[in-house]
*Asks:* 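One structure is given below, represented as structure tokens, and several questions about it will come after.
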Amino acid sequence: MAANKYAHLIKPLSEHRLDKAKKKTGKPKVFFTLPEYDEQSAGMGGKDLEGLNLSLHYRFKTKLGDWHNGRDPHVHPYPEVQYFVGLDTANVNYLGAEVEVCLGEEQEAYTFAEPTAVVIPAGVPHGPITTKRIYSPKGYGCVTAILAADSKPQWFNDSHPSPSKGKYAHLLKPFKPHTITERGKLNLNRFAGLKPADSPPSSFKLGPGNADHLAWFFGDELEGLNVNMDWGFFSKPGLWHRGVGAHTHPADEVLCFVGVDPADMNYLGAEIEIDLGKEHERYIINKPAVVVVPAGTPHCPIVTRWVDKPFGFFSINLAGKSESTFID
């Protein structure tokens, strides 16, 4: 058996930094063209993600103002989902900021102050995005999933936000109704009415290392997109899932282990082990990283070996359902 057969599927976030400080070195992998970054961020395109039809971006926001320095709005021919997330690991439903997002040709302005998923269908102009207020000393974060291997926006450079008339209100999805794990307890109501393929098996139980808080959106909750995503905080060592072993998905997936310290994007604060492949090759993650899981690739169990500080986790699965096949 070849050692480290799956090592190429683990992508350290440090190699994909896009923030301004890193750009001065000339070393970051910029997967799309944006103005100078003034805060810590990282991005990967399909080329970085083993050819997946996906680009992702993780950033911290600690300053007020327009994200793109007046270049917005823009449009692209593929859908996008933006998760505006808080960094208070005690509460997945606290954003710690007030954000304004403009949507549509009308640039209708929508303001929210709680963690929110914003769905941007293909061809819908959007922007500017503006941080209006920040309440948390940490600021807040944003996870962007672009359902294309390359990001090629068309910038209009013509910002004229207008009051909201509610035309695009359905594209904003607050986290609260989608929380499945809160303070370590599983909200089984989130799975009510789902088909068996989407539901956890009867043997499934939360392990001691599972999420303190986790919000999860399925595709039918994201305007019918072929994607399901989650975001959560973890603070305890131990096995993530009990009663199940490795599993596969019929769609590609990425598992993202990230820090929540806006002063240091390279700090995870924990050590995690994950098994990949039918050989159960074991890999150790102790810095922020993205694990690419191509369709049909066995993965798990996941075990948090130790935690110095709570960390964040999000996954992006390129199917509307969360279908899994457990194999041991």
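When a residue number appears, it is its place in the shown sequence, counting from 1.
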*Asks:* Would you check, one step at a time, whether the test side chain to side chain contact (heavy atoms under 4.5 Å, CB included) holds for Ile274 with Leu255?
*Replies:* CA-CA 10 Å; Ile274 180 171; Leu255 309 175; 3.8 Å; yes

*Asks:* Do Asp212 and Lys236 pass the side chain to side chain contact (heavy atoms under 4.5 Å, CB included) test, and can you show the C-alpha distance, the side-chain angles, and the key distance before you say yes or no?
*Replies:* CA-CA 8 Å; Asp212 303 321; Lys236 300 180 182 66; 3.0 Å; yes

*Asks:* Between Glu80 and Tyr78, is any side-chain donor less than 3.5 angstrom from a side-chain acceptor?
*Replies:* no

*Asks:* For the CG atom of Asn91 and the OG atom of Ser136, what is their distance to the nearest 0.5 Å?
*Replies:* 11.0 Å

*Asks:* Is it the case that the side chain of Lys47 and the backbone of Met44 share a donor-acceptor pair, with hydrogens and angles ignored and the cut-off at 3.5 Å?
*Replies:* no

*Asks:* Using only atom types and a distance under 3.5 Å, with no angle test, would you say the side chain of Thr144 pairs donor to acceptor with the backbone of Gln82?
*Replies:* no

*Asks:* Tell me, do Met265 and Pro288 make a side-chain contact under 4.5 Å, heavy atoms counted?
*Replies:* no

*Asks:* Side-chain contact test, heavy atoms from C-beta onward, threshold under 4.5 Å: evaluate it for Ile134 versus Leu64 and give yes or no.
*Replies:* yes

*Asks:* Using side-chain heavy atoms (C-beta onward) and a distance below 4.5 Å, is Val292 in contact with His8?
*Replies:* no

*Asks:* Classify the ring geometry between His249 and His247 as parallel (under 30°), tilted (30 to 60°) or perpendicular (over 60°).
*Replies:* perpendicular

*Asks:* Exactly one of Phe257, Trp231, Trp216 should register a ring pair (Phe, Tyr, Trp, His ring centres under 6.0 Å) with Phe313. Which one does?
*Replies:* Phe257

*Asks:* May I have the list of side-chain donor-acceptor pairs in residues 112-119 shorter than 3.5 Å, sequence neighbours left out?
*Replies:*
{"from": "Thr116", "atom 1": "OG1", "to": "Glu114", "atom 2": "O", "distance (Å)": "2.7"}

*Asks:* What's the spacing between Trp67 CH2 and Thr130 OG1 if we round to 0.5 Å?
*Replies:* 10.0 Å

*Asks:* Provide the closest heavy-atom pair for Pro125 versus Phe156 in the form atom of the first, atom of the second, distance.
*Replies:* CB-CE1, 4.1 Å

*Asks:* Run the numbers on Glu106 and Lys167 for salt bridge (charged side-chain N to carboxylate O under 4.0 Å, His left out), then give the verdict.
*Replies:* CA-CA 10 Å; Glu106 307 89 339; Lys167 180 178 179 180; 2.9 Å; yes

*Asks:* Decide whether Leu276 and Val303 are clustered together by the hydrophobic rule: side chain heavy atoms of Ile, Leu, Val, Met, Phe, Trp, Tyr closer than 4.5 Å, transitively.
*Replies:* no

*Asks:* Could you give the distance from CG (Asp264) to CZ (Phe60), rounded to the nearest 0.5 Å?
*Replies:* 8.5 Å

*Asks:* Work out which heavy atom in Leu318 is nearest to a heavy atom in Asn53; give both atom names and the distance.
*Replies:* CD1-O, 4.0 Å

*Asks:* For Phe218, is there any backbone N or O sitting under 3.5 Å from a side-chain donor or acceptor partner on Glu221?
*Replies:* yes

*Asks:* So how far is it from Ser315 OG to Leu214 CG, rounded to the nearest 0.5 Å?
*Replies:* 8.0 Å

*Asks:* For the residue pair Arg17 and Ser14, what are the closest heavy atoms and their distance?
*Replies:* CG-O, 3.5 Å

*Asks:* Given salt bridge (charged side-chain N to carboxylate O under 4.0 Å, His left out), test Glu279 with Lys5 step by step and report yes or no.
*Replies:* CA-CA 9 Å; Glu279 305 90 343; Lys5 178 179 178 180; 3.1 Å; yes

*Asks:* Go through Lys138 and Asp88 one step at a time and tell me if the salt bridge (charged side-chain N to carboxylate O under 4.0 Å, His left out) criterion holds.
*Replies:* CA-CA 8 Å; Lys138 283 189 171 184; Asp88 181 348; over 6 Å; no

*Asks:* From Ile285 CD1 over to Lys287 NZ, what is the distance, rounded to the nearest 0.5 angstrom?
*Replies:* 13.0 Å

*Asks:* Tell me every residue that passes side chain to side chain contact (heavy atoms under 4.5 Å, CB included) with His160, counting only those two or more places apart in sequence or in another chain.
*Replies:* Gln107, Asp158

*Asks:* Please answer whether the main-chain N or O of Lys321 pairs with a side-chain N or O of Asn228 as donor and acceptor at a distance below 3.5 Å.
*Replies:* yes

*Asks:* Take atom CD in Glu273; do more than 12 heavy atoms of anything else shown fall under 6.0 Å from it?
*Replies:* yes

*Asks:* Considering the options Asp48, Leu49, Asp252, which one meets the side-chain contact (heavy atoms from CB on, under 4.5 Å) requirement together with Leu54?
*Replies:* Leu49

*Asks:* Identify every side-chain donor-acceptor pair in residues 304-311 under 3.5 Å, counting partners at least two apart or on other chains, and give the distances.
*Replies:*
{"from": "Thr304", "atom 1": "OG1", "to": "Trp240", "atom 2": "NE1", "distance (Å)": "2.8"}
{"from": "Arg305", "atom 1": "NE", "to": "Glu271", "atom 2": "OE2", "distance (Å)": "3.4"}
{"from": "Trp306", "atom 1": "NE1", "to": "Glu271", "atom 2": "OE2", "distance (Å)": "3.4"}

*Asks:* Over 60° means perpendicular and under 30° means parallel, so classify the ring planes of Tyr58 and Phe314, tilted if in between.
*Replies:* tilted

*Asks:* List the atom of Pro294, the atom of Leu9, and the distance in Å for their closest heavy-atom pair.
*Replies:* CD-CD1, 4.0 Å

*Asks:* Please assess Thr131 against Tyr140 for the test side chain to side chain contact (heavy atoms under 4.5 Å, CB included), listing each intermediate value before the final yes or no.
*Replies:* CA-CA 10 Å; Thr131 305; Tyr140 66 101; 2.6 Å; yes

*Asks:* Could you check if a side-chain atom of His126 sits within less than 4.5 angstrom of a side-chain atom of Tyr168, using non-hydrogen atoms only?
*Replies:* no

*Asks:* Between Pro208 and Arg242, is there a side-chain heavy-atom distance shorter than 4.5 Å?
*Replies:* yes

*Asks:* Charged N to carboxylate O below 4.0 Å: is that the case for Arg133 and Glu98?
*Replies:* yes

*Asks:* May I ask you to check whether Phe84 and Phe175 place their ring centers less than 6.0 Å from one another?
*Replies:* no

*Asks:* Evaluate the side-chain proximity of Ile316 to Val81: yes if any heavy-atom separation is below 4.5 Å, no if none is.
*Replies:* no

*Asks:* How close do Gly245 and Cys300 get, heavy atom to heavy atom, and via which atoms?
*Replies:* O-CB, 4.0 Å

*Asks:* Can you hop from Val291 to Ile272 via hydrophobic side chains spaced under 4.5 Å?
*Replies:* yes

*Asks:* Taking atom CD1 of Ile120 and atom CD of Glu223, what is their separation to the nearest 0.5 Å?
*Replies:* 12.0 Å

*Asks:* Find out if a path of hydrophobic residues (ILVMFWY) with successive side-chain heavy-atom gaps under 4.5 Å connects Ile10 to Tyr6.
*Replies:* yes

*Asks:* Determine, using the 4.5 Å side-chain heavy-atom cutoff (strictly less than), whether Leu147 and Val143 are members of one ILVMFWY cluster.
*Replies:* yes

*Asks:* For Ala149 and Ser55, which heavy atoms make the closest approach, and how far apart are they?
*Replies:* O-OG, 3.1 Å

*Asks:* Evaluate Leu13 against Val258 for side chain to side chain contact (heavy atoms under 4.5 Å, CB included), listing each step before the verdict.
*Replies:* CA-CA 8 Å; Leu13 211 62; Val258 296; 4.2 Å; yes

*Asks:* Looking just at side-chain N and O atoms, do Asp72 and Ser159 make a donor-acceptor pair shorter than 3.5 Å?
*Replies:* no

*Asks:* Between Glu253 and His299, do the side chains contain an N or O donor and an N or O acceptor separated by less than 3.5 Å?
*Replies:* yes

*Asks:* Do Lys61 and Val99 come within less than 4.5 Å of each other through their side chains, counting heavy atoms only?
*Replies:* no

*Asks:* Can you find a heavy atom in the side chain of Tyr283 that is under 4.5 Å from one in the side chain of Asn4?
*Replies:* yes

